Structure formats: C-alpha cells, structure tokens
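Working notes, structure below.
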Amino acid sequence: MPSCIIIGAGMTGLTAANLLQRDGWQVTVLDKGRGVGGRLATRRLSSSRADHGAQYFTARTPEFQQHIADWQQAGIVKEWNLSSASTTDITFQHPRYIGVEGMNSIAKYMAQNLSVLTNEKAITLTKSEAEWAVNTENGNIYTANHIILTLPAPQALDLLAQSAIALSPEHHLALTSIQYAPCIAVVASLHQKSLIPNPGVLKFDTGSIAWVADNFQKGITAHPSVTIHASADFSRQKLEEDLNTVGQELMHDLVQWIVPSNLQTMQVHRWRYSLAEQRWAAPYLALDISDSLLIGGDAFGMGNVEGAFQSGFRMAQFLFKK
Ligand SMILES: Cc1cc2nc3c(=O)[nH]c(=O)nc-3n(C[C@H](O)[C@H](O)[C@H](O)COP(=O)(O)OP(=O)(O)OC[C@H]3O[C@@H](n4cnc5c(N)ncnc54)[C@H](O)[C@@H]3O)c2cc1C
C-alpha cells in the first residue's frame, strides 16, 4: 500500500489527505498546532465564537464547488450573503462561503476520518532508499514512501534547510519568491450587538484596519463578537510590539461601531503569514528525483482557501499515478 505523510493539517493538507486515503493510500497527517485547521481558525471567547483567520472563501472551480455542495448537504458550510454590503471596492456578486460553526469546523469535519497527529512539529526529513522519515520535536519518527509539505513557504524552506535537502535553482526561486503579508487579528466578545450595519462587514482601504466582521450577523455565534484584521502595512509596523496595546489601538479606531463600554473580552493574535502577496503559479513543486517529496500550499496558485484546496487536490491527483 503506498503511504504518505502530510505535514500541515490546513486546507491543503486535509484535502490531499482525504483524496489519497479514498484512493487506498495509508496517510498520516502531522501538525504542530494544538488542533487542525491552520489558518482556518476559530476562537472561543466567553460564550461567543469568532473566526480570526480566513473569513470566508470563494468557489470558482468545479472540483471545489462539488466539495462545497457535499459540505453544505452535511450542514458544515453555508453561504454568507454579503450582497447588501456597502463597501464599494469588493464585488460580492459570486457566493462567499463560511463554516456554519466557524471556519475551523470545516477543518474538523475534513479531519474526522483521518489519522491526524497534532502537537507534532516536524523538525527534519531524511530519506533512505525506499522511504522517508519525519523526525518530530517530540522525538517521534514517522515513515512513508511519500511526503507532502503544506507549510507556508518560509517554514518549508527552514525545514528543508534543517534536513540538508538541496534545492534546484528553480525550486529555490519558487520558494524564496513567495511572500506573505502579516496580519494582526483581534477577536472580541461584546456585551451587546455592535453598531456595524447589515450585513456585518466593514472594509477599509487605508489606515490601521483592513477588515471588520460582526460574527453575530455572520451567524456563527449566538453571543455578539467581532473580528478585526489590521492592514498589512500596520501589521508589519507593529508586528513585534505588545499585542494588547496594539489591540487597544485598533479598538479605539472603531469607537463609532464598537463603543468601549460594550467590550467584554479581547484576544489579539499575530499571524506572520496571512495572505500570500507573492505567489508561485504552479499548484505544487515535485522535489525529489523520484517525485516523492511534494511542496504545496495556498501560495501555489490562488493564495487563498480555494487555492489551498486546489493545491492539495492537484498534489493528490499527481500521486494517484504513482
Ligand atoms: C488573517 C487571515 C485572513 C484570511 N482571510 C482569508 C479570506 O477571507 N478568504 C480566503 O480564502 N483566505 C483567507 N486567508 C488565507 C487562508 O486562510 C489560507 O490561504 C489557507 O487557509 C491556507 O491553508 P494551507 O493549508 O495552505 O496553510 P495553513 O492553514 O497555514 O496550514 C499549514 C499548517 O502547517 C502547520 N505547520 C507549520 N509548520 C509545521 C511543522 N514544522 N510541523 C508540523 N506542522 C507544521 C501549521 O500549524 C498549519 O496548521 C486568510 C488568512 C489569514 C491568516
């Protein structure tokens, strides 16, 4: 039976894992996080819930549309109707989808029949004649014929360097050219509803804040909460500063919609890799001479949740032929 270790339990890794497992492969997914999902992230605060990574996703490709239809039928995904949004620079003509219980619930659903090991950080990869071994920070070793890396490119480069795996000039160029914007994200639970108008989003082109979502209006929480994404420029500038102070500053810029006395609790998160600003056009790289080491992720292609799905989908299709 062919086997594969997939490093990263985000949308890319979980997509590839499900498809390979369905094709009869023995698949193990490792993730350094406490749970699955990566940037499909949802936080609980007091009695509310808030998406603090990806906010929604598109489905322009038929294979992703098919998956979404299945997830909708299973009650995991729903459409977020943003057609009444007053933000002018974003076209909401095609559907946006969200997890019914937050974006992370999609990852949990995708992971439910897989062998996923969390709190397992891969630190080196080694290749013997027939198989690969992944060594983790916990001292465990996992082996398989194939490996798929789905970490953000800078982290993949570090892992390859730690493993003394040499890259061809083209592969080196691909991985070093990928660049991500950082994002400081605030999630806050509120005593009462926010003053953000229907349908619950604010989008700004300049200033400290890029995006605000009212998670109550979004329909993922019964108790009011908001998500604030700082702009890429602001996040870059403040990335290493005290997060609580930065969070207060961002809340202050939103007093028109969230009055200070309405704030219940707040958490601030630093995403070093949020959206891929510079991407590589191909959906993945096949590194090893025998094509047994693949590298993919959202930055290969579209640079978003759908792009992550596409990358995972294409890597699985490539391996089906093995
Ligand atoms: C703030 C923010 C807003 C966003 N907004 C949107 C949006 O509205 N719409 C949209 O489509 N996209 C959005 N995105 C982008 C979207 O979330 C990503 O494109 C997509 O989720 C990436 O999936 P992935 O599987 O490629 O990577 P990830 O989700 O990053 O998964 C990689 C996984 O690898 C794990 N990992 C890393 N290193 C190791 C290691 N050494 N060993 C083991 N595991 C490791 C990580 O823990 C992680 O779980 C947003 C992202 C952020 C952060």
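Both counts, for ligands and for their atoms, begin at 1 and track the order of listing. Any value given below was found using the heavy atoms of this structure, including those in side chains, with hydrogens, waters and symmetry copies removed. Since this is a predicted model, take the numbers as computed values, not measurements.
Considering backbone and side-chain N/O of His52, none are found under 3.5 Å from N/O of ligand 1. Between Leu275 and ligand 1, a contact under 3.5 Å exists for no N or O pair. Of the polar atoms of Val305, at least one N or O is found under 3.5 Å from an N or O of ligand 1, judged by distance alone. At under 3.5 Å, not a single nitrogen or oxygen of Ser274, backbone or side chain, sits near a nitrogen or oxygen of ligand 1. For the pair Gly303 and ligand 1, the shortest N or O to N or O distance does not fall below 3.5 Å. For Lys121, no nitrogen or oxygen atom sits less than 3.5 Å from a nitrogen or oxygen atom of ligand 1, counting backbone and side chain alike. Inclusion of Asp31 in the set of residues having an N or O under 3.5 Å from an N or O of ligand 1 is warranted. Ligand 1 has a nitrogen or oxygen under 3.5 angstrom from a nitrogen or oxygen of Asp298.
The single protein non-hydrogen atom nearest to atom 23 (O) of ligand 1 is Ala308 CB, 3.6 Å, given as residue, atom name and distance. Protein heavy atom at the shortest distance from atom 8 (O) of ligand 1 is Gln55 N, 3.2 Å. Closest protein heavy atom to atom 3 (C) of ligand 1: Gly53 O, 3.3 Å. At the top of the distance list for atom 41 (N) of ligand 1, counting protein heavy atoms only, stands Ala122 O, 3.1 Å. The closest protein non-hydrogen atom to atom 34 (O) of ligand 1 is Gly8 CA, 3.3 Å. The protein non-hydrogen atom at the shortest distance from atom 9 (N) of ligand 1 is Tyr56 O, 2.7 Å.
Set against the non-hydrogen atoms of Gly297, the atoms of ligand 1 under 4.0 Å away are 26 (O). Close contacts of ligand 1 with Gly38, meaning ligand atoms under 4.0 Å from a residue heavy atom, involve 29 (O), 48 (C), 49 (O). For ligand 1, the atoms sitting less than 4.0 Å from at least one non-hydrogen atom of Glu120 are 42 (N), 43 (C), numbered in the order shown with element in parentheses. Atoms of ligand 1 lying under 4.0 Å from any heavy atom of Gly10, numbered from 1 in the order shown and given with element: 25 (O), 29 (O), 31 (O). Listed by number with element, the atoms of ligand 1 under 4.0 Å from a non-hydrogen atom of Gly37 are 29 (O). Close approach of ligand 1 to Ile7 (heavy-atom distance below 4.0 Å) involves ligand atoms 42 (N), 43 (C), 44 (N).
If you take CD on Glu120 and CD on Glu137, they are separated by 9.5 Å, rounding to the nearest 0.5 Å. The line from CG of Leu159 to CG of Leu151 is 6.0 Å long, rounded to the nearest 0.5 Å. Separating the CG atom in Asp214 from the OG atom in Ser225 is a distance of 7.0 Å, to the nearest 0.5 Å.
For Thr150, the closest heavy-atom approach to ligand 1 falls below 4.0 Å. The shell of residues lying under 4.0 angstrom from ligand 1, judged by heavy atoms, excludes Gly307. Taking a 4.0 Å cut-off on heavy atoms, Cys183 registers as neighbouring ligand 1. Residue contacts with ligand 1: Met103 is excluded, as none of its non-hydrogen atoms falls under 4.0 Å.
Nearest heavy atoms, Ser189 versus Ser48: CB-OG, 3.1 Å. In terms of heavy-atom proximity, Ala9 sits nearest to Val116 at CB-CG1, 4.1 Å.
Here His229 has side-chain heavy atoms under 4.0 Å from ligand 1, and that is the only part of it that gets that close. Looking at Arg39 against ligand 1, both its backbone and its side chain come within 4.0 Å, counting heavy atoms. Under 4.0 Å from ligand 1, heavy atoms of Ala54 appear from its side chain as well as its backbone. No part of Thr136 comes within 4.0 Å of ligand 1, judged by heavy-atom distances.
Aromatic ring centres of Phe57 and Phe309 lie farther apart than the 6.0 Å criterion allows. For His52 and Trp271, the ring centers are positioned less than 6.0 Å apart.
The option with the heavy atom closest to atom 24 (P) of ligand 1, from among Asn304, Leu40, Thr15, Thr12, is Thr12. Of the candidates Gln155, Lys32, Gln162, the one placing a heavy atom closest to atom 44 (N) of ligand 1 is Lys32.
Using a 4.5 Å cut-off on side-chain heavy atoms (C-beta onward), Tyr97 and Val305 make no contact. The shortest side-chain heavy-atom distance between Lys193 and Gln217 does not fall under the 4.5 Å cut-off. Proximity of Gln310 to Pro283: side-chain heavy atoms (C-beta onward) are nowhere separated by under 4.5 Å. Side-chain contact between Leu167 and Leu285 is absent, with no heavy atoms from C-beta onward closer than 4.5 Å. Between Leu30 and Asn140 there is no side-chain heavy-atom pair separated by less than 4.5 Å. Residues Ile148 and Leu319 have side chains in contact (heavy-atom distance under 4.5 Å, counting atoms from C-beta outward).
The residue from Phe300, Phe313, Phe318 that alone fulfils the ring-ring contact (aromatic ring centres under 6.0 Å, His included) condition with Tyr284 is Phe318.
Relative ring orientation between Phe64 and Trp71 is described as perpendicular, the plane-to-plane angle rising above 60° on a 0-90° scale split at 30° and 60°.
Using a cutoff of 4.0 Å between basic side-chain nitrogens and carboxylate oxygens, Glu101 and Lys108 are not scored as salt-bridged.
Gln162 and Asp158 share no side-chain donor-acceptor pair at under 3.5 Å.
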